[in-house]
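Worksheet: the structure to be examined is printed underneath.
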Protein chains: 2
Amino acid sequence: MITPAEGLERLSVNQMTVRGLSLPELADGCARLGIPGVGLWREPVRAYGVKATAALLRRTGLTVTSLCRGGFLTARDAAGRARALDDNRAAIDEAAELGTDTLVLVCGGLPPGDRDLAGARQRIADALGVLVPYAVERGVRPAVEPLHPMYAADRCVVSTLGQALALAEAFPAGRVGVVVDTYHVWWDDTAPAALARAGAAGRLAAFQLADWVTPLPEGVLVGRGQLGDGSVDLRRWRERMDAAGYGGPVEVELFNGRLWARDGAQVLAETAARYRQHVL
Amino acid sequence: MITPAEGLERLSVNQMTVRGLSLPELADGCARLGIPGVGLWREPVRAYGVKATAALLRRTGLTVTSLCRGGFLTARDAAGRARALDDNRAAIDEAAELGTDTLVLVCGGLPPGDRDLAGARQRIADALGVLVPYAVERGVRPAVEPLHPMYAADRCVVSTLGQALALAEAFPAGRVGVVVDTYHVWWDDTAPAALARAGAAGRLAAFQLADWVTPLPEGVLVGRGQLGDGSVDLRRWRERMDAAGYGGPVEVELFNGRLWARDGAQVLAETAARYRQHVL
């Protein structure tokens, strides 16, 4: 195991934060800095090989805190629905292979031409009903992530922690969790109560951090701020998670074109420093 | 008065939808198409002259359905706060002069370096306490507009209709209303109930329409979709407003760089046609 640096015991860095680093470079960088956890994305993991990734991280002693992502469960047609279920079963298998029990679900937006948010949310609930037994058998707990409402049309019709929790609550707490990502929920005055409710029920599956900075870039995908650069009271959210009984990893997930243009090892070190400064 | 074209009896076009049109061109265009109402913005109105605008619209027989905008009430320092209050008093005077009782408030974002959303919302409540008596004396009702959560940091910490209503409910219904703009609330599953509550209390002061289209442009300000181009079930929202007892104007407010690049008279006619097709 990696011996965590003091203060970094709970830190995990999602590989998208330092997208330019290969998996061996990421593992090496985390080992050097005493960062004990990483969050992974399916595409780079599959490119490197799922088994090879699992072996590399085991060798380094890194914990995989989550796998992103399953989801996209809102197709209306039978073929699209079947494809999505197959892909989610594959994601569950990959999570199990990587040794993480947390598969993050980005549930999907509105199909083209569709304007029925409630209908799309119902299809997500139906798909969870199919997938959860498969996940349980493999020791994986899908975790529903609410995405910021600016993604409601094209990525995720689950826009609030309250909605995510409502979807999860159709299943026992050990089978479906929720993800709290500060970038998505920071603006929501009802999120703290939903967070406390999720914590009391044992449904807090993952905690991700990004700061909110403006102006947003075109497409609003790659403008997540480095910790401390923006409007989110990150420490307050960490304290809320603690108070709700969450003692798990704190994962930094930054999609940021400017960070990606920089040296990955440097960004990794900066992220650890910002975490100490703004989150601990 | 303008005789409204059949079906357009409630239609109002906000002047920002056809920003390239001068006020006389806008008045002329509305008269030709039988559009009985316009929503105004302070800057172009002041450039033309408030009295001159009022006289022009009276002459044409157009109703001013709202004035945008007051607000930006979140400054922490005394000087910033005093400037904001002065500016809002001026906006109230201008609304009265233009003959509209509806002044739309975009309440303001977080001051630089501030991360305290609840504190900013409290300062808005405090400022309303100062401004409302001034508005009442002039026959103007400030209307709190929730803006989409993607504007929470830099424009408006009031992100949901529920929050807007909570601010308004500190005052009698005749003194502070709320604005429902589909662009800002369409994603929110709690908005329909808040809308019904606002309607029952007589607080629905304005109804604005824009569609949600992606990808969002850089800065996310000028990407509002023409009616029917996006993900919002506009007719359903109009029916919700009707069911809540709102019988007032339906104002189309599109900030859209592509529409602005086109001929304004053509966009005006298209907007009326889209209104018939997607809203009636």
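Protein chains get the first letters and strands the later ones, always in sequence-line order, with residue 1 at the start of each. Since the structure is predicted, the reported quantities are computational estimates derived from the model, not experimental observations.
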_Interchain contact, A:Leu216 with chain B, by part (heavy-atom threshold 4.5 Å)_ = both

*Any idea which heavy atoms bring A:Ala244 and A:Leu204 closest together, and the distance?*
CB-CD1, 3.8 Å

*Going by the side chain to side chain donor-acceptor pair (under 3.5 Å) test, name the single residue among A:Glu270, A:Arg258, A:Arg274 that passes it with A:Gln226.*
A:Glu270

*What part of A:Thr160 gets closer than 4.5 Å to chain B, counting heavy atoms only: side chain, backbone, both or neither?*
side chain

_Shorter than 4.5 Å, heavy atoms on both sides: which option in A:Pro215, A:Ser231, A:Ala152 has the most such pairs with chain B?_
A:Ser231

_Residue part contacting chain B, namely of A:Arg121, when any heavy atom lies under 4.5 Å_ = side chain

*side-chain hydrogen bond (donor to acceptor under 3.5 Å, both in side chains) evaluation trace for B:Trp186 with B:Asp211*: CA-CA 9 Å; B:Trp186 76 280; B:Asp211 214 334; over 6 Å; no

_chain B contact via A:Pro149 - which portion, at a heavy-atom distance below 4.5 Å_ = both

*Can you measure from CD1 (A:Ile124) to CD (A:Gln122) and round to the nearest 0.5 angstrom?*
9.5 Å

*Does A:Arg238 pair with A:Asp242 as a salt bridge, N-O distance under 4.0 Å?*
yes

*Side chain / backbone / both / neither for B:Asp154 at chain A, heavy atoms under 4.5 Å*: side chain

*Under a 4.5 Å heavy-atom cutoff, which of B:Pro217, B:Ala153, B:Gly113 has the most pairs with chain A?*
B:Ala153

_Is any side-chain heavy atom of A:Tyr275 closer than 4.5 Å to one of A:Arg10?_
yes

*Identify which part of A:Asp233 has an atom lying under 4.5 Å from any heavy atom of chain B, answering side chain, backbone, both or neither.*
both

